[in-house]
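Everything quoted here is computed from the prediction, not taken from an experiment. Positions are given from 1 along the sequence.
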Amino acid sequence: MSARKTKNIIINCIVKKIADTTKFSRKELLMPIVKVSEQMTELAKGAAEGAGETRKLIEMTVEAVGKGITIADITAENMSEVMVGAKETTDKMKQMADELREEANHMYEIDENVSKVAEIVDNNSATSEETAAVSQEQTAQVATMVQLLSQFKI
């Protein structure tokens, strides 16, 4: 015997006992029970439909979360690649800055050496001018000596 039939037999026995001891008929006693039973059946159907909808929503949510996790994983991979690229770029920029600093030092040294060469050239020019002046003076002295010697006859 099914549980439903057992419940119906128990309800009928209780209703018969109450009807025998009160002024209410079995029909009057069963009407509210039938009404409540119908409402409970409707509520159960609604709950089943709600459970089905809830299950669908949960499945959709699980699927959406799965997609979100996949997107987050892809984003994390992309960010890792970006970070590697940024580090490589930063390293290259540091290397370039070091090389530029070294080139600037070389240019400073070249500037100092050019200044020294210019100073030496200035000194050489002054010395050349002095030498030229001495040469002119000696040339004049030689001319004077030649003139003086020409006065003597040997």
Kindly write out the residues that satisfy salt bridge (Lys or Arg N to Asp or Glu O under 4.0 Å) with [X], not counting sequence neighbours, or none if the list is empty.
| X | answer |
| --- | --- |
| Glu59 | Arg55 |
| Lys67 | Glu63 |
| Lys27 | none |

Show me the pairs that pass salt bridge (charged side-chain N to carboxylate O under 4.0 Å, His left out) and involve [range], at least two apart or across chains.
| range | result |
| --- | --- |
| residues 12-23 | Lys16-Asp20 |
| residues 107-122 | none |
| residues 77-97 | Lys87-Asp91, Lys94-Asp98 |

For Val142, what are the other residues in its hydrophobic cluster, where any two members join if their side-chain heavy atoms are less than 4.5 angstrom apart?
-> Val146

Quick one: hydrophobic cluster around Tyr108, which other residues, with the 4.5 Å side-chain cut-off, linked directly or via members?
-> none

Determine which pairs satisfy side-chain hydrogen bond (donor to acceptor under 3.5 Å, both in side chains) with at least one residue from residues 33-43, sequence neighbours left out, and list them in order.
->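 For residues 33-43: none.
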
Looking at [atom1] of [X] and [atom2] of [Y], how far apart are the two atoms once the value is rounded to the nearest 0.5 Å?
| X | Y | atom1 | atom2 | result |
| --- | --- | --- | --- | --- |
| Asn123 | Ser128 | CG | OG | 10.5 Å |
| Glu103 | Met96 | CD | CE | 12.0 Å |
| Thr54 | Glu49 | OG1 | CD | 11.5 Å |
| Asp73 | Asn78 | CG | CG | 11.0 Å |
| Thr144 | Leu149 | OG1 | CG | 11.0 Å |
| Leu148 | Gln141 | CG | CD | 11.5 Å |

My understanding is that only residues two or more places apart in sequence, or in another chain, count here; which of them pass side chain to side chain contact (heavy atoms under 4.5 Å, CB included) with [X]?
| X | result |
| --- | --- |
| Thr131 | Thr127, Ser135 |
| Asn12 | Arg26, Leu30 |
| Ile10 | Thr6, Ile14 |

Shared hydrophobic cluster, Val34 / Ile11 (ILVMFWY, side-chain heavy atoms < 4.5 Å) | no

Close side-chain approach of Val121 to Ser125, heavy-atom, < 4.5 Å = yes

Heavy-atom closest pair, residues Ser25 and Glu28 =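 Scanning both residues, the minimum pair turns out to be N-OE1, 2.9 Å.
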
